Structures are given as structure tokens and as C-alpha cells.
Amino acid sequence: MASDGLRRTLRLLQSEPGSEFHVYLLVLKGTALLAADRRSDAAQLTAELYTVAPLTRLKLGLFFLSPKVRTVPPALKPILAAVTIEAGRRLLTHLYRVSARQFERRHHQKNVLHGLAVHLRNIHGPDVIPASLAHLFPKLAASPRVPL
């Protein structure tokens with residue numbers, strides 16, 4: 001059960017639906033849900049996010065991909081297909097620096113990276129995982145390809 005302090009904070013963070021701040025809060029909450037490996041909750045939240053701000057799917061949709069989904073949403077297929085191995089490494093490094101490393105526990109960090117890493121690895125193989133991340137998260141590079 002949430003504390004009174006947390007409830008007050010959540011009320012303070014209420015924002016106008018569709019505002020940039022509202023979108024920002026949805027992205028933060030979505031990232032926290034990924035870290036907690038609450039994928040179905042994250043999927044519901046991103047559905048709301050993409051309804052409120054449709055272009056967000058094209059800008060951030062790759063970061064919210066589930067590692068278990070076999071089919072990438074149609075809007076993201078051409079974007080994912082255009083990602084080169086080097087661009088994939090940069091995307092994973094960016095996602096780590098901006099989102100994943102904000103969490104203290106390694107398994108939470110891995111959960112944030114996992115979806116994008118699986119889909120990039122399925123396209124480019126384990127070499128798409130940057131050495132710095134493969135060192136921190138050996139399972140990201142070592143996991144077998146997921147049949148799509």
C-alpha cells in the first residue's frame with residue numbers, strides 16, 4: 001500500500017494529459033515498469049503513451065520492445081530493420097546511459113536493456129552488444145537467438 005507521502009507526491013505530479021510533462025512522466029513510469037520486469041503493465045502504459053503522443057512510438061518504441069514478443073509492431077519494423085550493427089551498439093549504450101544505469105540493481109538495469117538487446121541480437125548476432133555492456137550483463141550477449 002502506498003504511503004501518504006507517496007500519494008501526495010503522485011498528486012503533485014499530475015499533469016495535463018498530452019502535455020510534454022505528462023509524456024515525460026509516462027516514459028519514466030514505463031522505464032520503471034521495464035526495470036521491475038512488469039512487461040504487461042509496461043505494455044498497457046505504452047499503449048496509453050502512444051495514444052496520447054503517437055510520434056513517441058517512432059521515437060522511443062524500440063526501447064520499450066518486449067524480449068518475448070515475436071513480432072515487432074508494424075510501425076517499428078522498418079526502423080528496426082534500418083538499424084546497423086554499429087547503430088545498434090550506440091542505441092544500447094544510449095539506453096544504458098540514459099535509463100538503465102539510473103537503477104541500482106544490475107538485474108533492473110538488464111531488464112531495461114533486454115527487449116532492445118534481444119531484437120538487435122536476433123538481427124545482428126551477439127556482436128551487437130557493446131563490450132562494455134556484455135561485461136556488465138554477460139547473458140545479454142550469450143543468450144541464444146529467439147526465433148521470430
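None of the values given here were measured: they were computed from a predicted structure. Quick note: numbers below take in every heavy atom, side chains included, and nothing from hydrogens, waters or symmetry partners.
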Arg39 vs Asp41, salt bridge (Lys or Arg N to Asp or Glu O under 4.0 Å): CA-CA, chis, key distance, verdict:
CA-CA 5 Å; Arg39 299 284 170 177; Asp41 292 335; over 6 Å; no

Taking every non-hydrogen atom, the tightest pair across Ala141 and Pro126
O-CB, 3.3 Å

Going through the checks in order, is the side-chain contact (heavy atoms from CB on, under 4.5 Å) test met by Asn111 and Asp37?
CA-CA 6 Å; Asn111 288 344; Asp37 205 22; 3.5 Å; yes

Counting only N and O atoms by type, is there a donor-acceptor contact under 3.5 Å from the side chain of His94 to the main-chain atoms of Arg89?
no

Return the OG to CG distance between Ser99 and Leu116, rounded to the nearest 0.5 Å.
11.0 Å

Which atom names give the shortest non-hydrogen contact between Gly30 and Phe64, and what distance separates them?
C-CE2, 3.6 Å

Can you tell me how far CD1 of Ile79 sits from CG of Leu91, rounded to the nearest 0.5 angstrom?
10.5 Å

Taking the side chain from Arg101 and the backbone from Arg97, do they hold a donor-acceptor pair closer than 3.5 Å?
yes

Would you say that Glu86 contacts Val128 through its side chain, given a criterion of any heavy-atom pair below 4.5 Å between the two side chains?
no

Is the backbone of Leu140 close enough, under 3.5 Å, to the side chain of Arg121 for a donor and an acceptor to pair up by distance?
yes

Hey, quick one: are Ile85 and Leu65 part of the same hydrophobic cluster, counting side-chain heavy atoms closer than 4.5 Å, chains of contacts allowed?
yes

Can you tell me how far apart CD1 (Ile129) and NE2 (His135) are? Round to the nearest 0.5 Å.
15.0 Å

The reported gap from CG in Leu28 to CD in Gln102 (rounded to nearest 0.5 angstrom) is 9.5 Å

Once rounded to the nearest 0.5 Å, what's the spacing between atom OH of Tyr96 and atom CG of Leu113?
8.5 Å

For Pro78 against Pro74, the heavy-atom pair lying closest together:
CD-O, 3.3 Å

Answer whether the closest heavy-atom distance between the side chains of Lys77 and Thr71 falls below 4.5 Å.
yes

Would a single hydrophobic cluster contain both Val98 and Val23, if residues Ile, Leu, Val, Met, Phe, Trp and Tyr are joined by side-chain heavy-atom contacts under 4.5 Å?
no

Minimum heavy-atom separation for Ala42 to Leu34, with atom names?
CB-CD2, 3.9 Å

Any side-chain heavy atom of Arg105 within less than 4.5 Å of one from Lys110?
no

Short question: side chain of Arg57, backbone of Pro73 - any donor-acceptor pair under 3.5 Å?
no

Thr46 side chain to Leu49 backbone, donor-acceptor under 3.5 Å:
no

Is any side-chain heavy atom of Val112 less than 4.5 Å from a side-chain heavy atom of His108?
no

So OG1 of Thr31 and CZ of Phe63: to nearest 0.5 Å the spacing works out to 9.5 Å

Expected output: side-chain Gln109 to main-chain Leu136 donor-acceptor under 3.5 Å:
no

Are His119 and Val69 close enough that some pair of their side-chain heavy atoms sits under 4.5 Å apart?
yes

